[in-house]
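A short write-up of the structure that comes next.
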Amino acid sequence: MSAHGSVVIGTGVNELVCAHYLARAGRRVLVLEQHTQPEGQAPGWVPPDIVRSLGLDQCGLQIERRDPWAAVPLAGGGRLELWHDMARSVEAIGRLSAADAAKWPAFCERMGRVVRLLEALYTAAPPAPINRERGELARLAALAWRARRLGRQTIEDFLRAAPMPVADLLEDWFENDALKAALGAAGIAHLCQGPRSGGTAFAFLHHHTGSALGVFRPPRSNIAHVLTALPGVELRRSAAVARIAVREGRVTGVVLANGEEIATALVVSGADPRRTLTQWVDGGWLDPELARAVRHIRSRGVVAQVILTLARPPDFTTLTVASSLDAIERAYDDAKYGRVSRSPCLEVRNIGADAEGRHRVEVDIQYVPYALADGAWDEARGAALGELVLKLLAPHIPHLRGALIDQRVISPRDLEAAYGYPKGQAHHAELALDQALWMRPVAGLADYRTPVTGLYLCGPGTHPGAGIAGASGVNAARRILEDSR
Amino acid sequence: MPAAYDAIVIGGGHNGLVCASYLARAGRRVLVLERRERVGGAALSEQVFPGFTFSVYSYVVSLLRPEIIRDLELARHGLHILPLESTLTPLPNGDYLAQWSDHDQNRRELARHSLRDAEAYDEFGVLMHEMSRAVKPMLGMTPPDPGSLAPRDLIGLARLGAHFRSLGARKFNALSKLLTMSAADYLDEWFETEALKGTKSASGIIGTLAGPRSPGTAYVLLHHYMGEIDGVFRAWGFARGGNGSVSAAIASAARAFGADIRTSAPVERVLIEGGRAVGAVLHGGEEVRARLVVSGADPRRTFLNLLGAEHLPGEFVEAIRRFRFRGASGKVNLALDALPEFSCLPGAGPHLRGAISVSPSVDYLERAYDEAKYGEFSRRPYMDIVIPSMIDPAMAPPGKHVMSIFAQYAPYHLNGGWTDARREAFGDAVIDTLAEYAPNLKSVILHRQVITPADIEHAIGLTEGNIFQGELSLQQMFFLRPVPAWAKYRTPVSGLYQCGSGTHPGGGVMGAPGRLAALTILRDIA
């Protein structure tokens, strides 16, 4: 048995950020790798505070901002392209609808201001509205004051938009189907909801945090690689956890799958809360009501991936295949009853060429439900999905089949096995209003603490959750350091 | 010319009448102007077919605020509520799920379907009661404005904050979930019986163009636990003589307090002088003056038809245009020669004295919604059915019956629009679906009346046929109803107030908007 200061489970962005914050506070930290991490760049805003305090910009952090940030094929040929440059977007939209083009700057401005409010909420632990500590009340008052300074309209916009369907929000502003589809797709990403479901406007705003004005796709960065290379913590590869040892309500160690026990009084888990608290820890440490809530965390995976290797590059950097909000909604209708969408929404990214000149194209396919109504996922389904993607992309990539070198289909089940996504859900807990803020992942666990002393949560299943790279990790580290003072 | 009245109330629906009653009770001179020949609005009893009386539109009572019944002494004015004792959900496999008001009977019935659900049911009921208690104070208060710095609003917000904090963590968290979840997800956490989840989640979608899987629909589950008759929680009931009796009792109270009520007096527009509302102009040109005007019409009708955008700030008009109606439900009223015979439970048992709900599963409701989402009516709709003549025999000739079928979804924005043929096709879909459960139904129908959202709009003036004067979704509730900063019954035009269900706390024959509007007015003119 070996003894260690602190053990962080997982090598995701949040876990590594948490580990480095603890290390900089003088802790000896061991990070245990559970799964390989997704290849390529990690999506999500990296809050400037994290970049600064870990000095990530000196270590080669690159934040990629695709331009255009979205491109939607139009029914009559051509594409609607939306750019970082406001004037360029206005011009593009204007070719489809003068009314929408006229409203675009005001829309971006209004959403941008609402998102300032979210950014304030996301770079700290979630507000605890009924916590009776004096400090918490003061924090709430400070938040309220900050909200006020953003102006009356911003508060109203936020309160009104959060519970809305993203379709209603967009229909308040725009008439063009392609534009609404481009924006609507951001409101349902990884959600088992359609654009006409309540709360999808919240998800739309969530994914807008940290983006430039008028950009409604999260940036991607190499933060995962930078953090992995950053010295200061010890990283142990392929160290699958079997359970977390607890004695008298306190963490005493981590037991690995190979039987080795690492003694420690502090464990931070980036795995999903259900796995951490019901599989790794004996269920008896949770009170029954909390245990029930943890079992009920919704994490329905609905996204599959197809990776294409092409001999020639496509003529776009990004492509959203969705013709209208109704088309996305119909894709959701299939998933609602446990079927793969017959006409799914595709988010396509052109990653670029490798040394041998082969081009990698990543496709996110929504909706592909993890739980199918008519049997299990098998090779035939994988092949059918791959074929469907080729069929849908063929009109947008000339001579696609001729250029195809390789195609890899990754189902929600594969995502679960490879990256530990519960039920294939990349966000660990769906980003719905009832699983946000002081209810993320569930009320009673939102402050990163668990009922087991010394055991903390820091993954995307905690506030503020997926899409904000490292924020959960920082918040958890701060909580841990406060608790040990 | 001095004003003859202190206040004119436009519209003699139940909220307009409640508002008028409270104003008159405080000694104000009040005139109610009703467009139709009878008061009541959507709370209306009518002999649609000779001898057969129907609650034509709204058809049950439960949310009518007890303080209104008390303050206006509605019992003395003839309001008598008869309780509905059960809900029967017939199932496609020939079985049924019944929910009885008798606790033991209910438990035995549930246990027949699932022991686990029978266990969970009591705990669920306790939680819903606690949640109802937590929400109730909000129904009785004028919503404070979170965007304002006025002392009254800050105090209101502080009080609201204190109220929530006083609930304690467990209840506060449960309420937060209830406000933000979908009815289907919420019920999935508790129950496994599909029919139970279907029937309960149905209350979350009533009157709204949303499916039970859409977040925000769980909150309305509470309405089934919030009803209060004679101080008893959770009871749904009929007004003896139909829902028109509710309006008649309130109208009688209003008159007793000294209010004048004019029927067949359609208001064409609100009279504005010097930027102030000073009266109403009737069709035909007659002007009636008053110190102030209260509109019981819905927000769009009030501001865009009766007033006109030119009298309002541009942003306010924008917000009113954004306010969503999207009527989603219709009604089929049947005059029956004999009782329907449900194959799952034959005979004229006590189940026919309660509600009958065609909601066999959550998926059934969701599929009904799928059609409406794309502009078609549900071919197999959700239905909430009552047979009022079983409880109040005076509603139909001896031996005969009236049946009220609330059916959803029938979207106002139907592809191609509503026509006579589409209306009848919708009626057929309702009857055909119900006949699958009650095979003798078609042979006992003497007359039928089919009402679409377009008919509701045309007959009683509810925009897009929305039964709540605007969707009761989270983004249109409390301080957002109908428009942020104008959720306190006042309007940007001085002297003009709103008192309809389009204001907080919304529809459902509560009467609360009428009362709260009157209290606001009385404070303003004190």
Side-chain angles (χ1 to χ4, degrees), chain A residues 128-132 137 140 144 147-148 151-165 167-169 171-173 191-194 196-202 289 292-293 295-296 298 326 329-330 332-333 336-338 373 430 432-439 442-444 446, chain B residues 145-149 157 161 164-174 176-182 184-186 188-190 208-211 213-219 315 318-319 321-322 324 326 362-363 366-367 369-370 373-375 471 473-480 483-485:
Chain A
I130 54 162
N131 188 322
R132 284 171 192 282
L137 247 189
L140 277 178
R148 289 222 89 99
R152 163 177 208 120
Q153 193 181 52
T154 305
I155 300 173
E156 289 169 3
D157 279 348
F158 177 66
L159 292 173
R160 183 170 171 275
M164 268 178 119
D168 283 0
L169 176 70
E171 278 161 2
D172 276 349
W173 288 85
L191 268 183
C192 187
Q193 298 289 354
R196 302 204 180 277
S197 302
T200 46
F202 166 73
E289 208 162 323
R292 180 160 78 175
R295 275 199 311 275
H296 284 137
R298 272 174 293 117
D326 269 357
E329 185 71 31
R330 284 185 196 276
Y332 166 57
D333 286 348
K336 208 159 59 172
Y337 306 110
E430 288 168 49
L433 269 185
D434 65 293
Q435 299 193 144
L437 299 170
W438 64 88
M439 295 186 282
V442 298
Chain B
D145 178 0
S148 147
L149 282 173
L157 285 170
F164 284 132
R165 290 166 73 87
S166 76
L167 296 175
R170 194 181 64 87
K171 285 191 214 170
F172 177 79
N173 293 331
S176 309
K177 280 180 81 167
L178 200 58
L179 281 171
T180 48
M181 281 181 84
S182 78
D185 286 337
Y186 197 83
D188 272 342
E189 293 194 0
W190 288 89
T208 304
L209 191 65
R213 292 191 201 284
S214 177
T217 49
Y219 159 77
E315 265 178 40
E318 268 306 298
R321 290 208 171 110
R322 278 193 326 217
R324 285 195 163 76
R326 297 189 287 207
V362 169
D363 273 358
E366 192 67 40
R367 284 180 202 280
Y369 168 58
D370 285 347
K373 214 158 49 166
Y374 307 113
E471 283 185 358
S473 47
L474 210 49
Q475 64 269 26
Q476 299 197 151
M477 278 207 258
F478 207 49
F479 44 70
L480 301 170
V483 168

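Computed from a predicted model, the values in this text were never measured in an experiment.
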Evaluate side chain to side chain contact (heavy atoms under 4.5 Å, CB included) for A:Y332 paired with B:R213, printing each intermediate quantity in order.
CA-CA 12 Å; A:Y332 166 57; B:R213 292 191 201 284; 4.2 Å; yes
Which atoms of B:S176 come close to chain A, meaning under 4.5 Å heavy atom to heavy atom: side chain ones, backbone ones, both, or neither?
both
Is the NZ or CZ atom of A:R292 positioned over B:W190's six-membered ring, under 6.0 angstrom from the centre and within 45° of the axis?
yes
Go through the atoms of A:Q153 and report whether side chain, backbone, both or neither lie under 4.5 Å from a heavy atom of chain B.
side chain
Can B:R367 be said to sit on top of A:Y337's aromatic six-ring, NZ or CZ under 6.0 Å from centre and within 45° of the ring axis?
yes
What part of B:A210 is in contact with chain A, defined as an atom under 4.5 angstrom from a non-hydrogen atom: side chain, backbone, both or neither?
neither
Can you measure from CZ (B:F479) to CG (A:L159) and round to the nearest 0.5 angstrom?
4.5 Å
Heavy-atom cut-off 4.5 Å, strictly under: side chain, backbone, both or neither for A:L191 against chain B?
neither
Option in B:S182, B:A218, B:S148, B:G161 with maximal non-hydrogen atom pairs under 4.5 Å from chain A
B:S148
Roughly how far, to the nearest 0.5 Å, is CG of B:L178 from CG of A:D434?
10.5 Å
In Å and rounded to the nearest 0.5 Å, what is the CG to CZ distance from B:L474 to A:R160?
12.0 Å
Test your reading of the model: is there a side-chain donor-acceptor pair from B:R165 to the backbone of A:P129, 3.5 Å cut-off?
yes
B:P484 and A:E156 have their tightest heavy-atom pair at CB-CD, 3.3 Å
Out of curiosity, A:M439 CE to B:K177 NZ, how far, rounded to the nearest 0.5 Å?
8.5 Å
Passes salt bridge (charged side-chain N to carboxylate O under 4.0 Å, His left out), A:R298 versus B:D188? Steps please.
CA-CA 11 Å; A:R298 272 174 293 117; B:D188 272 342; over 6 Å; no
Measure the shortest side-chain to side-chain distance between B:L149 and A:R148 over non-hydrogen atoms and say whether it is less than 4.5 angstrom.
yes
Within the structure provided, determine whether A:Q193 and B:P215 are in side-chain contact (heavy-atom separation under 4.5 Å).
yes
Given the options A:V442, A:D326, A:L140, A:I155, which has more heavy-atom pairs under 4.5 Å with chain B than any of the others?
A:D326
Not counting sequence neighbours, which residues clear ring pair (Phe, Tyr, Trp, His ring centres under 6.0 Å) with A:F202? List them please.
none
Measuring heavy-atom distances to chain A, does B:E315 have an atom under 4.5 Å in its side chain, in its backbone, in both, or in neither?
side chain
Search all heavy atoms of A:S197 against all heavy atoms of B:S214 and return the closest pair with its distance.
CA-OG, 3.4 Å
Taking B:D370 first and then A:R330, would you say they form a salt bridge - that is, a charged N and a carboxylate O separated by under 4.0 Å?
no
Any salt bridge linking B:R324 with A:D172? Criterion: basic side-chain nitrogen under 4.0 Å from a carboxylate oxygen.
yes
First locate atom OG1 of B:T180, then atom CG of A:L437, and finally report the distance between them rounded to the nearest 0.5 Å.
10.0 Å
So, B:Y369 versus A:D333: side-chain donor-acceptor pair below 3.5 Å or not?
no
Is the shortest heavy-atom distance from the side chain of A:D168 to the side chain of B:Q475 under 4.5 Å?
yes
B:E189 side, atom CD; A:R295 side, atom CZ - distance, nearest 0.5 Å:
10.5 Å
